[in-house]
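Read the structure below first, then the notes.
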Amino acid sequence: MPHAAPSPNAEAGTNSAQAPSLASRVAVLEATTGIILRDGAARDASLVSDVEAGLAALPPAMRRPPGGRLEFVLHPESAPLGLGDGSKALPDWSEHREQFHLYRYAPTTERRATLRLSRLSDAETEHLWRRRAVVHAVMQRWDDAKGWSQRRQWRRLDGWILPFERPLTWKESASITYAGAFSRARGQVSASLDLITFAEELFIPAESLRPDALPVDEQVRCQELSKARALTEFLAEAQLGALPVRGDCPAFDAWAEADALSHLEVLLVAATGRQPQSLFGHLLLRPVWREGAVVQGPSFERVVQLVALTGLESKGLGYLVKGMTGGYSTVFLTGTLGDISHESLELEQRTIRRFRLNLTPGESQRMLERIWELERRGYLGYYFFTDNCAAALLFLLNGALEDGRHVRAPGTLWVLPTATLDTLAKTDVVDANGRAVSLLEHLPDAFESTGDRARRALTEQERLLTRLATLLPPQALAPLRDVHRHLQSSEPDVRRAGYGRMTHAVTTALASAPSPARAEARDALHAWVAQAVRVERAAVDQAEAEVLAIDRERLLDLDLKGEGRASDGALDRQRLFEREDSVQRKLAVLDRTAVLQQALASATKRPPTPDELKALVRAGRTEAAFAAATDAQGTLNDGPLADADPRAFLASDHQRKTEAEATWARGALRESGAARTVVSAGMDFPNTGAARPVVSLRTSAMNEALGDARLHGFQSSSELRVLDGELSVEPRWGVPRILGSRLTLVGYRTLLPELPQQRRSVSDSLGWGAEAGMVSDSERALPFRALVQAEALGVVAASERFDTFLAVGVGARATMDWGQLQSVPAVGPRLSLSHRTGLPGPGGSALRLEAAYAPAWHAGAVSGFTHEANATLQVEWYLGRVAHWSVLLTPRAQVQWEGRLASWPGHGNGRASLPEGWARRRLALGVELR
């Protein structure tokens with residue numbers, strides 16, 4: 001119960017022997033610590049005892065705070081926790097922090113402040129907060145003197161941002177938005193109060209009043225590992241004493257397995273090449289432990305997801321708006337590799353690239369601590385462009401780096417996952433052998449999606465058939481080739497029939513093999529069958545994803561039991577992690593797909609549309625084809641192929657995969673296509689007049705072209721350009737003359753077709769592209785143009801990784817040309833030709849040709865057709881690295897023509913007229929430093 005203020009009459013009746021004792025204790029406090037108690041505070045024996053106990057909890061060297069006299073003023077008014085809140089009505093400090101104000105204790109409704117105090121009595125709780133008040137006042141003085149809370153070592157833990165440190169940040173604020181991440185609400189005001197309120201809880205924990213107040217795993221020393229470490233280091237650096245060793249934390253220690261930790265990896269969930277919504281990629285973090293006495297399957301390995309907690313809200317316009325305006329929270333979720341594999345590798349068919357973080361042992365330990373803490377309390381505002389998975393990874397990592405190291409975000413207005421990998425790779429660290437190495441190191445052993453594995457399997461099947469042709473007589477190989485043709489069909493029933501013939505075809509082929517080649521033929525047939533099943537697995541995974549999408553579209557009433565809305569999911573999750581014993585009883589996993597599938601099973605759905613019904617029937621047939629494939633494989637492996645070694649096949653297949661990845665990585669550029677700048681100089685050769693010099697500046701928020709091989713980039717079968725602009729000027733005395741400009745707002749192309757088994761229409765056999773942008777040219781009659789275009793792309797020839805290709809495009813283009821007094825819309829078809837030849841050497845050097853022809857019908861006062869043609873021949877020559885810079889030369893030749901086609905002269909006229917219009921020819925040499 002709260003203590004009543006002693007009245008003067010009560011003071012007079014106090015035992016005369018006790019009064020001098022209390023006065024002497026007050027005098028000792030002032031003499032030894034500089035803390036002054038006057039009036040009611042000096043007469044409150046309970047308060048004096050709590051002041052003494054609060055000081056005793058601090059290291060001896062801290063008990064006399066800097067800054068001169070410190071007076072505790074006790075007010076008769078009540079306040080929550082007996083502490084001020086910084087307002088005029090309830091100030092906590094006055095007189096330039098010479099007076100610290102205390103109030104009569106009153107309970108609080110603040111959840112976080114009372115969360116760990118439920119076992120304390122009212123009297124114990126009052127004493128606890130009086131002692132914490134003492135720590136608060138003393139620590140505030142020390143922080144004022146030492147500036148601990150202003151150091152990056154502290155501010156990075158909760159992400160404290162200074163005013164104007166980021167756009168639209170007007171006052172000091174924390175990146176973590178969850179109140180449970182702070183010892184009490186007062187700590188959310190500033191980094192200083194965050195430090196001070198944490199010190200209250202650390203020095204005066206609940207168990208200091210009652211040893212059994214909390215289970216050990218819920219004590220602050222086992223929950224706030226990073227903050228306790230930082231404060232310990234501050235005190236040690238200032239030679240103010242050492243805090244007690246943390247001691248055992250059974251739940252954390254069992255989870256972390258720090259002694260068995262091998263390393264940590266950053267995982268990039270790459271784009272598919274077919275789905276533009278996946279283009280920007282997604283980052284994960286994977287701790288890797290050495291195998292112990294108990295072998296753990298790969299599916300149970302842990303992966304840290306850095307995701308927006310969206311619940312199961314439908315992905316419509318509202319979803320997009322909330323994702324761009326901070327409607328969701330970024331959270332840190334520890335799931336399993338099996339969950340990630342199901343969602344990313346199978347349903348989305350996105351390969352996951354792996355990168356090792358070269359951290360010191362101490363940093364690795366801190367990373368585990370940060371993961372543990374942030375999973376429980378790390379709620380950050382989510383904004384698609386700036387505060388996304390990449391920003392969350394940097395937030396996590398910066399809280400663990402030692403020796404003041406800090407990795408800055410790769411941008412202010414746009415933080416790309418691929419650009420973040422660039423930044424990490426350019427950060428140098430020193431390894432255990434004293435060598436300077438990159439913080440991020442590529443591991444050529446990606447987690448392969450079932451789609452990419454199927455593409456590789458198709459190539460392997462062709463290689464195996466060629467090999468079998470040298471081992472078997474032609475008549476024995478014919479049934480196998482017939483089965484192979486069936487398995488390439490896009491119709492599941494045709495493939496299913498092929499699997500029905502597979503057992504006979506393989507048995508016949510093996511029986512006809514000559515004795516010396518029998519073992520080799522058996523292994524080749526075993527591998528061919530396994531690769532065929534892999535192709536079918538990709539088809540059934542895609543079918544499952546289609547069924548899931550259709551079922552979601554058909555929902556009329558989905559009961560998610562409070563898990564559907566993002567806010568409900570966040571609240572439930574926060575409540576779960578408040579009690580460590582609750583966490584241990586319930587496995588918190590990410591598999592949102594499984595949650596959705598469970599909900600769909602009991603949901604009310606509308607009948608499927610005819611197209612949806614067709615897709616559902618096809619999915620059922622695809623599943624039947626996969627079942628036939630595995631049945632045939634099982635029959636063969638138990639029969640004629642029983643002597644084949646499946647482990648040898650898997651080992652050999654994995655070796656070929658990793659060797660191919662390593663070869664590709666050695667020839668690829670490390671950097672992504674984010675934030676590129678190219679400066680070019682050359683000559684223009686216009687239709688009329690003399691040649692003139694031209695200087696161009698090209699900048700791109702993102703520019704990755706078809707065929708680009710980039711460790712941190714997208715699939716080389718895809719191209720993405722965002723805010724890709726070029727300004728060309730004629731240098732001369734005075735102000736340079738602007739010749740023209742070009743800006744691509746967004747442009748995307750892909751050459752990757754669907755697998756033969758997964759094609760539903762002609763479009764699945766083609767690539768496609770689209771672009772929106774603006775162009776200006778000072779020599780055109782209407783100098784300004786806005787354009788939108790789209791095309792279907794057919795691949796005439798291409799290498800496996802598209803470093804060499806020839807593609808033709810057929811599409812349409814719409815433009816709006818305007819000048820000062822006129823605007824003219826136009827629309828028409830567009831034909832294009834794209835070619836790239838990979839050149840020897842590292843860095844993706846290449847010869848590239850881009851050409852297009854676009855006739856257009858103009859509306860307006862002067863209507864009719866005009867024609868445009870342009871072509872660019874460019875060499876991309878990678879020179880290597882100079883210090884931290886990659887140097888790329890891009891000599892190019894450009895031709896552009898626009899006008900009307902004149903009629904050809906009549907028969908017998910030997911003169912041929914030239915097309916009307918204007919033309920420009922340009923030679924230029926560009927230099928790019930990355």
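Judged by distance alone, the side chains of Arg666 and Thr663 do bring a donor and an acceptor atom under 3.5 Å apart. Gln223 and Arg377 share a donor-acceptor pair across their side chains, judged by distance under 3.5 Å alone. Using modelled atom types and a 3.5 Å distance limit, the side chains of Glu301 and Thr336 yield no donor-acceptor pair. A donor-acceptor pair shorter than 3.5 Å cannot be found between the side chains of Ser449 and Arg453. A donor-acceptor contact closer than 3.5 angstrom links the side chains of Asp445 and His654. In the model, Ser183 has no side-chain atom that pairs as donor or acceptor with a side-chain atom of Thr197 under 3.5 Å. No hydrogens or angles considered: nothing links the side chains of Ser845 and Glu876 as a donor-acceptor pair under 3.5 Å. Side chains of Ser886 and Glu671: a donor on one and an acceptor on the other come within 3.5 Å. In this structure, a donor-acceptor pair under 3.5 Å is present between the side chains of Thr334 and Glu375. For Ser716 and Asp708, the side-chain atoms include no donor-acceptor pair closer than 3.5 Å.
You'll find the side chain of Leu396 reaches within 4.5 Å of the side chain of Leu285, heavy atoms only. Contact of the Ser175 side chain with the Ile161 side chain is registered, since non-hydrogen atoms from C-beta on lie closer than 4.5 Å. Side-chain contact between Glu800 and Arg455: absent, with no pair of heavy atoms (C-beta onward) separated by less than 4.5 Å. Within the 4.5 Å cutoff, the side chain of Glu265 has heavy atoms near those of the Leu267 side chain. At least one side-chain heavy atom of Val216 sits under 4.5 Å from a side-chain heavy atom of Pro250. In this structure, the side chains of Leu424 and Leu393 come closer than 4.5 Å at one or more pairs of heavy atoms. Residues Tyr382 and Asp387 form no side-chain contact, since every pair of their non-hydrogen atoms from C-beta on lies 4.5 Å or further apart. Residues Leu752 and Phe802 have side chains in contact (heavy-atom distance under 4.5 Å, counting atoms from C-beta outward).
Ionic pairing of Arg537 and Glu346 is present here: one or more N-O contacts between side-chain nitrogen and carboxylate oxygen are shorter than 4.0 angstrom. Salt bridge Glu237/Arg151: present, at least one basic N to carboxylate O contact under 4.0 Å. The pair Asp158-Lys227 meets the salt-bridge criterion, since a charged nitrogen lies less than 4.0 angstrom from a carboxylate oxygen. Arg246 and Asp253 are joined by a salt bridge, as a carboxylate oxygen and a charged side-chain nitrogen come within less than 4.0 angstrom of each other. One finds no salt bridge joining Glu448 and Arg534 here, because no Lys/Arg side-chain nitrogen approaches an Asp/Glu carboxylate oxygen to under 4.0 Å. For Arg721 and Glu719, the salt-bridge test passes: some basic side-chain N is under 4.0 Å from an acidic carboxylate O.
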**OP:** Verify salt bridge (Lys or Arg N to Asp or Glu O under 4.0 Å) between Arg676 and Asp724, making sure each step is shown before the conclusion.
**Re:** CA-CA 9 Å; Arg676 298 181 63 180; Asp724 175 29; over 6 Å; no
Subject >> Derivation of the side chain to side chain contact (heavy atoms under 4.5 Å, CB included) call for Cys249 and Arg221 >> reply: CA-CA 8 Å; Cys249 297; Arg221 64 183 180 85; 4.0 Å; yes
Original post:
Would Arg155 and Gln150 satisfy side chain to side chain contact (heavy atoms under 4.5 Å, CB included), going step by step from the backbone distance to the final call?
Top reply: CA-CA 7 Å; Arg155 300 181 68 85; Gln150 301 308 307; 3.1 Å; yes
**OP:** Start with the C-alpha distance between Val304 and Leu284, add both sets of side-chain angles, then the distance that settles side chain to side chain contact (heavy atoms under 4.5 Å, CB included), and finish with yes or no.
**Re:** CA-CA 6 Å; Val304 182; Leu284 314 170; over 6 Å; no
Original post:
When you look at Val288 and Leu264, which way does the side chain to side chain contact (heavy atoms under 4.5 Å, CB included) test go after all the steps?
Top reply: CA-CA 6 Å; Val288 180; Leu264 290 104; over 6 Å; no
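Residue Thr351 comes nearest to Ala446 through the heavy atom pair CG2-CB, 3.8 Å, listed as atom of the first residue, atom of the second, then distance. When all heavy atoms of Leu359 and Ser364 are compared, the pair lying nearest together is CB-OG, 3.7 Å. In this structure, Ser438 and Ala425 approach most closely via the heavy-atom pair OG-O, 2.6 Å. For the pair Cys389 and Pro417, the tightest heavy-atom approach, listed with the atom from each and the gap, is SG-CG, 4.0 Å. Across all their heavy atoms, Gln365 and Ala258 have their closest contact at OE1-CB, 3.1 Å. Nearest heavy atoms, Ala701 versus Trp414: CB-CZ3, 3.2 Å.
When atom types are taken as modelled, the side chain of Asn398 and the backbone of His406 share no donor-acceptor pair closer than 3.5 angstrom. Panel note: side chain Arg112, backbone Ala179; no donor-acceptor pair is recorded below 3.5 Å. Of the possible polar contacts, one joining the Ser341 side chain to the Leu337 backbone as a donor-acceptor pair under 3.5 Å is found. Looking only at distances, no side-chain donor or acceptor of Gln188 sits under 3.5 Å from a matching main-chain atom of Ala174. Between the side chain of Trp148 and the main chain of Leu235, no donor-acceptor pair closer than 3.5 Å is present. A donor-acceptor contact shorter than 3.5 Å links the side chain of Arg370 to the backbone of Leu157. Checking side-chain atoms of Glu661 against main-chain N and O of Thr658 turns up no donor-acceptor pair under 3.5 Å. For the pair Gln349 (side chain) and Ala538 (backbone), a donor-acceptor distance under 3.5 Å is present. Judged by distance alone, with hydrogens and angles left aside, the side-chain atoms of Glu441 form no donor-acceptor pair with the main-chain N or O of Asn358 at under 3.5 Å. With hydrogens and angles ignored, the 3.5 Å screen pairs no side-chain donor or acceptor of Thr330 with any backbone N or O of Ala392.
Between the CG atom of Leu929 and the CG atom of Leu888 there is a distance of 9.5 Å, given to the nearest 0.5 Å. Residue Phe252 holds its CZ atom at 11.0 Å from CD of Glu257, rounded to the nearest 0.5 Å.
In this structure, Trp372 has its ring center under 6.0 Å from that of Trp255.
Between Trp160 and Phe182, the two ring planes are perpendicular [angle over 60°; tilted spans 30° to 60°]. Between Phe332 and Phe395, the two ring planes are tilted [angle within 30° to 60°].
The local environment of CZ in Arg408 is sparse, with at most 12 non-hydrogen atoms from other residues, nucleotides or ligands closer than 6.0 Å.
A cation-pi contact links Arg354 to Phe447, judged by a cut-off of 6.0 Å to the six-membered ring centre and 45° from its axis.
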